[in-house]
Amino acid sequence: MSASLQAHRGAVLYFTDDPRDGDGSGQVVHHEDGLLVVEHGRVQAVGPADALLATLPADITLIDHGSDLLMPGLIDTHIHFPQTEVIGSGGRQLLDWLDDYVFAVERRFGDPAYAREVAEVFLDELLRNGTTTALVFCTVHKTSVDAFFAAAARRGLRMIAGKVLMDRNCPEYLRDTADDGARETRELIEAWHGTERLSVAITPRFAPTSTPEQLAAAGRLAAEYPSTYIHSHLAENPSEIAWVRELFPERRSYLDVYDHYGLLRERAVYAHAIHLDQTDRRRMADCGACAAHSPTSNLYLGSGLFDFDASDAAGLRFGVATDVGGGTSFSMLRTLGEAYKVAQMKGQRLTPLRAFYLATLGNARILQLQDRIGTFAPGSEADFIAVDLQATPLLARRLRACRTLSEKLLVLMTLGDERAVRQTYIGGNEAVIHDQNES
Ligand code: GUN
Ligand code: ZN
């Protein structure tokens with residue numbers, strides 16, 4: 001038997017479908033004493049430890065994770081790598097926050113050396129938090145995307161990223177043009193899309209910072225390269241929405257701007273999608289476009305509360321995301337905890353089972369990567385994490401008192417953060433994470 005065959009023993013958890021508000025029977029796979037068998041970077045088998053071990057060669061490499069929870073690597077469906085540098089800046093709302101903090105920081109990514117440095121810090125932070133795949137905004141500078149992809153490729157990560165398109169209503173120093181932005185995006189697609197584990201997203205920042213010409217060019221690219229992603233922001237903040245109405249008075253709604261320019265399709269992911277009506281939500285659902293709910297950002301920037309029930313009623317698929325640096329944490333565990341509170345504020349319910357589904361298989365589905373990540377189905381890529389359920393005294397104490405898996409997961413998403421992520425595995429290998437303070 002190949003020396004690359006490895007068996008990880010621990011409590012195994014993954015999802016096969018959306019448990020919605022049910023008890024998870026039929027959608028959750030949970031083995032208290034489970035085994036995850038990995039070979040050549042892929043899941044070869046998964047199941048109860050005793051039964052599976054009996055079928056494996058006696059000399060297999062066995063890694064015992066004790067009581068740790070083994071689950072698929074967490075997925076973040078909306079994050080800005082340059083905004084690692086702005087988390088916790090100012091308390092103003094979206095448009096002022098962009099003007100006062102974000103644009104000045106993004107300017108610095110015109111320097112490739114700086115972009116390379118922050119890309120490493122960002123990837124270390126993701127991996128420390130157990131996030132193994134993300135849909136990532138870079139900056140308007142093409143070199144920021146090259147720096148990001150090169151860093152992700154060196155670590156063997158599955159990542160999706162794109163060059164920001166913005167040719168108006170932003171500082172001159174961050175502006176591209178419709179032609180240059182499209183040409184550079186095309187060059188990035190040709191250079192990176194489908195290489196290693198990388199994919200490119202066509203990334204108009206949001207409707208206010210693109211001319212109609214630029215949005216049209218983005219739509220043409222999206223049609224020409226259907227396997228690329230579309231990644232932008234939508235209906236986050238009331239002032240932003242009023243501005244879109246002024247800039248595009250002929251369009252029925254903010255969403256209709258993107259629709260008009262051919263930017264709604266499968267693999268289109270729109271962050272926030274808070275202030276929509278049901279016509280918008282149904283239209284997104286019909287096109288296969290998805291929303292990325294970003295609770296820590298929505299609370300930090302005072303943007304509003306995502307409507308889970310209205311989205312479900314319209315069939316609009318949504319994922320969960322950090323939106324660092326409007327978002328205040330890289331941790332998907334903390335993000336799930338805040339999503340739970342957003343639902344509470346709406347008088348709605350996000351069950352802990354559904355929350356963990358969203359951060360794994362649900363987000364993989366948003367990205368149409370459900371056959372590769374977010375699951376332990378045999379054949380999938382072995383990106384996974386070991387979660388230490390005793391990472392802090394309080395977590396250990398609270399979890400001891402829990403009877404059901406749901407109760408445990410709710411405690412984990414309420415108290416957990418990167419301290420609970422003991423190890424992150426990429427393609428079956430333990431990820432190397434640098435402590436930037438030591439370098
Ligand atoms: N809308 C346009 N740009 C941004 C951004 O950088 N962050 C957030 N949260 N919303 C945006
Ligand atoms: Zn964002």
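Just so you know, ligand 1 is whichever comes first in the structure, and atom 1 is the first atom listed for that ligand. These values consider heavy atoms only, across backbone and side chains, with no hydrogens, waters or symmetry-generated copies. Keep in mind it's a predicted model, so treat the numbers as computed, not measured.
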Exam field: side chain Arg281 to backbone Leu276, donor-acceptor pair closer than 3.5 Å: yes
Arg183 atom CZ, over 12 foreign heavy atoms within 6.0 Å: yes
Phe384/Tyr14 aromatic ring centres below 6.0 Å: no
Centroid separation His272 to Phe306 less than 6.0 Å: no
Donor on one side chain, acceptor on other, Ser199 and Tyr229, under 3.5 Å: no
Side chains of Tyr225 and Arg186, donor plus acceptor under 3.5 Å: yes
Polar protein atoms (N, O or S) that approach the Zn ion (ligand 2) to under 2.8 Å: His78 NE2, His80 NE2, His233 NE2, Asp323 OD1
All pairs passing salt bridge (Lys or Arg N to Asp or Glu O under 4.0 Å) where residues 283-306 contributes a residue, at least two apart: Asp259-Arg283
With Gln348, the side chain to side chain donor-acceptor pair (under 3.5 Å) member among Asp307, Asp21, Asp312: Asp307
Residues in the immediate environment of ligand 1 (any heavy atom closer than 4.0 angstrom): His80, Gln83, Leu94, Trp97, Leu98, Arg205, Phe206, His233, Glu236, His272, Ser297, Asp323
With sequence neighbours excluded, residues passing ring-ring contact (aromatic ring centres under 6.0 Å, His included) with Tyr114: Phe109
